[in-house]
Amino acid sequence: SKNINIEDMLSLLPDGVKKYFNEYESKGGLVFTFNMNGVLDNKNMPSSYSQFKIFNAEINNSKLGISFKNINLSGSFSNGKMRKSQTSYIDIDNFSLLWNNGKIKGHAKLSNFSSLNLDAKLDCNLPIDALRRFLQDKEITQLSGLLNLNVELNGDLKNLGSISDNGLNGVKMKGKGSINKLNYTDTRLPKPIINTD
């Protein structure tokens, strides 16, 4: 399929799913290919492979003051050579977007759906007042500053369920980050944080 309008595609979703998008306005283009080959029965699973691309997309929520613009991503999905969860993957080989006045870009691959192995990289340059609007925490009355983040993550996400027993042994993270000119006021804290680097 070529040049599908995202807004038209969302309108085709069942009402139970569509309600989650009611407060959001979206537009942009979607291109995808999907191939399936083989027998489907109680013993066999056909092979499947798909490539997809979203371009020049926008998602806005005027009620929350949230705006994602210039969304672009490309990727692929397959159930792999063995046609089962262990060889299945979804690969977002490139994505980027503007969030209010900030920029986020990176890539991510989720493979082996049995253990949910994630390999991802994220670069972020974001005014953090956008996070306050997204979180909608009434206790946070002020949050401003600039977040710079460069992070790589690799590991089995299922290990996150046993952090209390095994720590983060199954997940590796490296990178660097900084927050400049942080101003943070929270009714749960005795004093505000002012202009901190």
Side-chain angles (χ1 to χ4, degrees), residues 1-21 24 26-59 68 70-99 103-124 126 134 149-177:
S1 181
K2 295 182 180 181
N3 296 332
I4 296 176
N5 184 287
I6 292 176
E7 193 170 16
D8 291 342
M9 186 173 180
L10 290 175
S11 69
L12 300 176
L13 294 173
D15 290 338
V17 176
K18 192 163 42 175
K19 66 181 181 181
Y20 295 107
F21 299 94
Y24 291 86
S26 60
K27 62 181 180 180
L30 170 66
V31 176
F32 72 89
T33 61
F34 179 76
N35 298 286
M36 182 177 285
N37 184 31
V39 177
L40 175 62
D41 57 29
N42 59 354
K43 293 183 180 180
N44 299 286
M45 176 66 68
S47 65
S48 60
Y49 178 75
S50 176
Q51 288 184 301
F52 51 86
K53 181 178 180 180
I54 294 174
F55 57 94
N56 298 330
E58 291 186 15
I59 300 173
F68 301 103
N70 201 23
I71 303 169
N72 294 281
L73 69 82
S74 59
S76 59
F77 163 81
S78 174
N79 61 359
K81 292 182 179 180
M82 303 298 292
R83 305 179 183 185
K84 57 184 182 180
S85 62
Q86 289 85 347
T87 58
S88 295
Y89 68 85
I90 183 167
D91 185 7
I92 309 295
D93 55 50
N94 182 39
F95 72 85
S96 63
L97 61 90
L98 299 178
W99 182 0
K103 185 173 184 179
I104 299 173
K105 64 179 181 177
H107 62 80
K109 183 174 183 178
L110 187 64
S111 57
N112 189 347
F113 288 2
S114 295
S115 61
L116 296 177
N117 183 267
L118 177 67
D119 183 11
K121 182 177 180 180
L122 179 69
D123 292 312
C124 173
L126 181 69
F134 189 76
L149 195 63
N150 182 284
V151 177
E152 294 182 30
L153 179 67
N154 181 270
D156 293 341
L157 296 185
K158 283 196 172 180
N159 285 318
L160 295 177
S162 59
I163 288 178
S164 57
D165 299 323
N166 304 316
L168 287 170
N169 294 332
V171 179
K172 296 179 181 178
M173 182 185 296
K174 66 177 181 178
K176 59 183 179 179

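Residues take their numbers from the sequence shown, with the count starting at 1.
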Chemist: Could you pull out all residues at least two apart from Asn44 that satisfy side-chain hydrogen bond (donor to acceptor under 3.5 Å, both in side chains)?
Modeler: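 For Asn44, the residues satisfying side-chain hydrogen bond (donor to acceptor under 3.5 Å, both in side chains) (neighbours in sequence not counted) are Asp41.
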Chemist: So, using salt bridge (charged side-chain N to carboxylate O under 4.0 Å, His left out) as the criterion, who are the partners of Asp15 when residues are at least two apart?
Modeler: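 Partners of Asp15 by the salt bridge (charged side-chain N to carboxylate O under 4.0 Å, His left out) criterion, ordered by chain and then number, come out as Lys18.
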Chemist: Sequence neighbours left out, what passes side-chain hydrogen bond (donor to acceptor under 3.5 Å, both in side chains) with Asp119? Give chain and number order.
Modeler: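 Expected list: none.
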Chemist: With sequence neighbours left out, what residues match Leu153 under side-chain contact (heavy atoms from CB on, under 4.5 Å)?
Modeler: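 Testing Leu153 for side-chain contact (heavy atoms from CB on, under 4.5 Å), a comparison that skips the adjacent residues, returns Leu118, Val171, Met173.
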Chemist: Suppose we screen for side-chain hydrogen bond (donor to acceptor under 3.5 Å, both in side chains). Which residues come up paired with Asp123, at least two apart in sequence or across chains?
Modeler: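 For Asp123, the residues satisfying side-chain hydrogen bond (donor to acceptor under 3.5 Å, both in side chains) (neighbours in sequence not counted) are Asn150.
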Chemist: In chain order, what residues pass the side-chain hydrogen bond (donor to acceptor under 3.5 Å, both in side chains) check against Asn72, with sequence neighbours excluded?
Modeler: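 Asn72: side-chain hydrogen bond (donor to acceptor under 3.5 Å, both in side chains) contacts with Asn70.
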Chemist: Nearest 0.5 Å, what's the CZ-OH distance between Phe68 and Tyr24?
Modeler: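 Interatomic distance, Phe68 CZ to Tyr24 OH, rounded to 0.5 Å: 7.0 Å.
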Chemist: Would you compute the distance between atom CD of Gln51 and atom CG of Asp91 and round it to the nearest 0.5 angstrom?
Modeler: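 If we round to the nearest 0.5 Å, Gln51:CD and Asp91:CG are 10.5 Å apart.
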Chemist: Which residues pass the side-chain contact (heavy atoms from CB on, under 4.5 Å) test with Lys84, not counting sequence neighbours?
Modeler: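 Listed in chain order: Met82, Gln86, Thr87.
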Chemist: Rounded at 0.5 Å granularity, tell me how far OG in Ser26 sits from CG in Asn5.
Modeler: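 One finds 8.0 Å between OG of Ser26 and CG of Asn5.
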Chemist: Do Ile92 and Phe52 make a side-chain contact, defined as non-hydrogen atoms from C-beta onward lying under 4.5 Å apart?
Modeler: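 With C-beta onward as the side chain, the pair touches.
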Chemist: Looking at residues at least two apart in the chain, or sitting in another chain, which of them share a side-chain contact (heavy atoms from CB on, under 4.5 Å) with Ser47?
Modeler: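 side-chain contact (heavy atoms from CB on, under 4.5 Å) list for Ser47, sorted by chain: Asn37, Asn79, Arg83.
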Chemist: Working to the nearest 0.5 angstrom, can you tell me the gap between Met36 CE and Met45 CE?
Modeler: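 One gets 8.0 Å once the value is rounded to the nearest 0.5 Å.
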Chemist: Tell me, please, which residues at least two apart from Asn94 pass side-chain contact (heavy atoms from CB on, under 4.5 Å).
Modeler: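 Asn94 satisfies side-chain contact (heavy atoms from CB on, under 4.5 Å) with Ser74 only.
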Chemist: Name the atoms and distances for all side-chain donor-acceptor pairs under 3.5 Å in residues 106-113, with sequence neighbours left out.
Modeler:
from   : atom 1 : to     : atom 2 : distance (Å)
Asn112 : OD1    : Ser114 : N      : 3.2
Asn112 : ND2    : Ser115 : OG     : 3.3

Chemist: Are any of the side-chain heavy atoms of Phe55 and Val31 separated by less than 4.5 Å?
Modeler: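 Contact flag for Phe55/Val31 side chains = yes.
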Chemist: Measuring from atom CD of Glu58 to atom CD1 of Ile71, what distance do you get when rounded to the nearest 0.5 angstrom?
Modeler: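 So the gap between those two atoms works out to 8.0 Å.
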Chemist: How far does NZ of Lys105 sit from CG of Leu97, to the nearest 0.5 angstrom?
Modeler: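 If we round to the nearest 0.5 Å, Lys105:NZ and Leu97:CG are 12.0 Å apart.
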Chemist: Under the ring pair (Phe, Tyr, Trp, His ring centres under 6.0 Å) test, which residues partner Tyr89, sequence neighbours left out?
Modeler: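 Ring pair (Phe, Tyr, Trp, His ring centres under 6.0 Å) list for Tyr89, sorted by chain: empty.
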